[in-house]
Amino acid sequence: MSIKKDKLGSLHITDKGSKGMIRLSKSCLSRLEKESVAKVLDSEFLGMGSEVKKFEDDLTEFFGRPVLCVSTGTAALHLALQAIGLGKGDEVLVQSLTYVASFQAISATGAKAVACEVNLDNLCIDLDDAKTKLTKNTKAIMPVHYSGGVGDLYEVYLFAEKHGLRVIEDAAHAFGTKYNGEKVGSFGDITCFSFDGIKNITSGEGGAVLTNDKKVAQRLKDDRLLGVQKDTEMRYNGQRSWDFDVYNQGFRFHMSNINAAIGIEQLKKIDFFKRKRQEIAQHYIKNLKKIKYIDFLKIDFLEIIPHIFVVKTSKRDELKEYLAGNGIECGIHYKPNHLLSKYDFDITLPITEHIYSEILTLPCHTDLTTEEQNFVIDSIRKFYGC
Ligand SMILES: *Cc1c(COP(=O)(O)O)cnc(C)c1O
């Protein structure tokens, strides 16, 4: 860590060591986001108003269907699950290998997250295992688009149709990704995105829900603003309801103009972000594929935008430590949820537990330079002596 004074005398603390720490992920921002935020601050209207409406309109144009913005990706999932009427006694099928946000969103409604295995190829939900976990209480399935890959999403929808389940896609990793030529989010039952600081696009914090189900959308619109009926419509007209009614449990899960202003600028750069992330993934694969100790997920990195770049290796912990010693930050996505005390339902998931010991996430963000990436690659080669 070092502390420097800039020309104006402000202190800046950086986490760059002498060689410069290579970060696993980071927010990648330019002057444009800063100027947009400054404009919102000047407007002195920071809450949910015209900027949020514009971000929703821009996203609606991008996806070709209605988009509702909320405060976080977790809030998007939580509100979507509540809007389909989930509650105590209901069950949702979800892979254990996901961010705890997916599980927290389910348990927040009172429903039970039923932890499933993943396919080894792409670390998306294993439907054969999910089938064995169906009960009369199963109401929904939540496929998680791990690292941006969506697996056999068509099969998920067939499975859901056959068993009368709603589908809530946790697409937090999949903003901008395509499936059979169609953008994830532009089709399907309910899709939820996250715009937190390190996602494919960020709004600082934020999330979005996409659905064609008008009833679900209306409920969501109200519930993000404390359940106050039609408050969204009033706010977008620069007004507020003073005489209103409330029917549902609501939350303060709306998006602010500050966050929307960041998101609007980030969305404009999606093609650049896409190219850059795809190049990073392909550069890793090209340069690491000769190392026999390393395996990749079977994902088409020409079609998807890799949110994280994950490798599988039996010497995961040693490699992670070696890279950290060389100033390279790596990650583990994720500790399986059924190993957490809150979600420990006395089950074992052998495939998930095994893969958890092998996965390592390498640095991948749009500010990563070729030099930095080559240093990561060379360090991995050195570790394996090849
Ligand atoms: C980031 C993430 C979320 C939650 O999004 P937040 O905006 O951080 O609340 C949910 N699921 C997965 C898989 C994520 O990576």
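Numbers for residues simply follow the sequence, beginning at 1. Read the numbers this way: they start at 1 and go in the same order the structure lists the ligands and their atoms. It should be emphasised that the depicted structure is a prediction, and the values quoted were computed from it without experimental measurement.
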Could you list, one pair per line, each nitrogen or oxygen of ligand 1 together with any protein nitrogen or oxygen closer than 3.5 Å, giving atom names and the distance rounded to 0.1 Å?
unit_1   : atom_1 : unit_2 : atom_2 : d
ligand 1 : 5 (O)  : Ser194 : OG     : 3.2
ligand 1 : 7 (O)  : Gly73  : N      : 2.7
ligand 1 : 7 (O)  : Ser194 : OG     : 2.7
ligand 1 : 8 (O)  : Asp196 : OD2    : 2.7
ligand 1 : 9 (O)  : Gly73  : N      : 3.3
ligand 1 : 9 (O)  : Thr74  : N      : 2.9
ligand 1 : 9 (O)  : Thr74  : OG1    : 2.6
ligand 1 : 11 (N) : Asp170 : OD1    : 3.3
ligand 1 : 11 (N) : Asp170 : OD2    : 2.7
ligand 1 : 15 (O) : His173 : NE2    : 2.9
ligand 1 : 15 (O) : Lys199 : NZ     : 3.2
ligand 1 : 15 (O) : Tyr334 : OH     : 3.2

Worksheet item: If you measure from the Lys or Arg side-chain nitrogens to the Asp or Glu carboxylate oxygens, is any gap between Lys274 and Asp271 under 4.0 Å?
Response: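 No salt bridge links Lys274 with Asp271.
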Discussion item. Is it the case that the ring center of Phe251 lies less than 6.0 angstrom away from the ring center of His78?
Written reply: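 Between His78 and Phe251, the centre distance is under 6.0 Å.
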Discussion item. Taking side chain to side chain contact (heavy atoms under 4.5 Å, CB included) as the criterion, tell me which of Ile84, Leu86, Leu165 meets it with Lys139.
Written reply: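 So, applying the side chain to side chain contact (heavy atoms under 4.5 Å, CB included) to Lys139 and each of Ile84, Leu86, Leu165, only Leu86 qualifies.
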Worksheet item: Is the Lys NZ or Arg CZ of Lys131 less than 6.0 Å from the centre of Phe159's six-membered ring, within 45° of the axis?
Response: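 No - Lys131 does not lie over the ring of Phe159 by the 6.0 Å and 45° rule.
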Item to complete: Identify whether NZ of Lys or CZ of Arg in Arg316 sits under 6.0 Å from the centre of the six-membered ring of Tyr356 and within 45° of that ring's axis.
Response: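 Yes, Arg316 and Tyr356 form such a contact.
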Practice prompt. On the 0 to 90° scale, with breaks at 30° and 60°, tag the Phe193-Phe175 ring pair as parallel, tilted or perpendicular.
Written response: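 The arrangement is perpendicular - the two ring planes meet at more than 60°.
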